[in-house]
Amino acid sequence: MLNMRNANMSDYKFLVHIDLKNDGYTVTNQAEMTERENEEHNKKIQRYLTDPDKGAFIIEDSVYNKPIAMLMYSVANRDSMYPWKTIFNEIDRKLFQSDGRFIQIFQLWVHPNYRRRGLATKLKLKLEEEALYHHVDLIYTHTELTNSHVIELNIKIGYVAHQS
Ligand SMILES: CC(C)(COP(=O)(O)OP(=O)(O)OC[C@H]1O[C@@H](n2cnc3c(N)ncnc32)[C@H](O)[C@@H]1OP(=O)(O)O)[C@@H](O)C(=O)NCCC(=O)NCCS
């Protein structure tokens, strides 16, 4: 049986592992991470379990007692000052609510044995409930143009494509 729940500290290693897999991206940084980079990455992932403006959902297979899918997100603000170039400033301001807040999907992954069973769709629909809870009306995600199946998935649930 498959159950969806909020992630907790027991999922920490799973989230770190999946994020490092870079599954679904053609451009990956093949270089070995230094110990310091590893530590920073661990801290970054941990924040999805501790920060009030971040979170993660897990789907687990209760038969094996193992997580088999996840979605990580954060509540961000389009008008915040970012130390790096962001795509948000290139997206029409009118699409954002007046306070600039939106939800950004950081990571979405489903174990290959469980794909095409609607699990990513379920995770994204759960995120819509979370958005309502945070009084946010826009969810942002990005993918490479080559990931046409991800684009199809998003369009099926009502996302609007913006190419940059
Ligand atoms: C992308 C991913 C999350 C999809 O998960 P999933 O649970 O299989 O997706 P769903 O079952 O909810 O798919 C919903 C719809 O999206 C489209 N879709 C999803 N995967 C597809 C594929 N491999 N080929 C074609 N269409 C696909 C289909 O329209 C599908 O509906 P259908 O099965 O009724 O035809 C999963 O393949 C994955 O984890 N990939 C590696 C990581 C990744 O790419 N993450 C996204 C980064 S942006």
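Counting convention: from 1, in listed order, for ligands and their atoms alike.
- Looking at atom 46 (C) of ligand 1, its nearest protein heavy atom turns out to be L108 O, 3.7 Å.
- Closest to atom 34 (O) of ligand 1, if we only count protein heavy atoms, is K156 NZ, 3.5 Å.
- For the residue pair E37/H41, the side-chain donor-acceptor check at 3.5 Å is not satisfied.
- Close approach of ligand 1 to T121 is summarised as follows: ligand atoms under 4.0 Å from at least one heavy atom of the residue are 10 (P), 12 (O), 14 (C).
- Distances shorter than 4.0 angstrom do not occur between any heavy atom of N147 and any atom of ligand 1.
- Among protein heavy atoms, atom 39 (O) of ligand 1 sits closest to V110 N, 2.8 Å.
- In summary, the atoms of ligand 1 found under 4.0 Å from a heavy atom of T143, numbered by their order in the structure, are 48 (S).
- In this structure, K126 does not pair ionically with E130, as no charged nitrogen and carboxylate oxygen lie closer than 4.0 Å.
- For atom 35 (O) of ligand 1, the nearest non-hydrogen atom from the set E144, E152, R116 belongs to R116.
- Interface of H142 with ligand 1, defined as ligand atoms under 4.0 Å from a residue heavy atom, comprises 48 (S).
- Of all protein heavy atoms, the one lying nearest to atom 44 (O) of ligand 1 is G24 CA, 3.4 Å.
- Between D61 and R117 there is no salt bridge, since no side-chain N of the basic residue sits under 4.0 Å from a carboxylate O of the acidic one.
- The protein atom (non-hydrogen) at minimum distance from atom 1 (C) of ligand 1 is V150 CG2, 3.8 Å.
- Closest protein heavy atom to atom 9 (O) of ligand 1: A120 CB, 3.4 Å.
- Among protein heavy atoms, the minimum distance from atom 11 (O) of ligand 1 is reached at G118 N, 2.8 Å.
- The aromatic rings of H142 and Y140 lie tilted to each other, with the angle between the two planes from 30° to 60°.
- Linking Ile, Leu, Val, Met, Phe, Trp and Tyr whenever their side-chain heavy atoms come within less than 4.5 Å leaves I105 and V150 in two separate clusters.
- A distance of 6.0 Å or more separates the ring centres of F96 and F88.
- A distance-only check finds no donor-acceptor pair linking the side chain of D51 to the backbone of D53 [under 3.5 Å].
- Nearest protein heavy-atom contact of atom 27 (C) of ligand 1 is H149 CB, 3.4 Å.
- Of the listed residues (H111, R115, K122, Q107), the one carrying the non-hydrogen atom nearest atom 36 (C) of ligand 1 is R115.
- Geometric assessment of K44 against the ring of F106 yields a negative cation-pi assignment under the 6.0 Å and 45° thresholds.
- For the pair N154 (side chain) and I151 (backbone), a donor-acceptor distance under 3.5 Å is absent.
- Heavy-atom proximity to R117, at under 4.0 Å, picks out these atoms of ligand 1: 11 (O).
- A 4.5 Å side-chain heavy-atom check between E129 and L132 finds every atom pair outside the cut-off.
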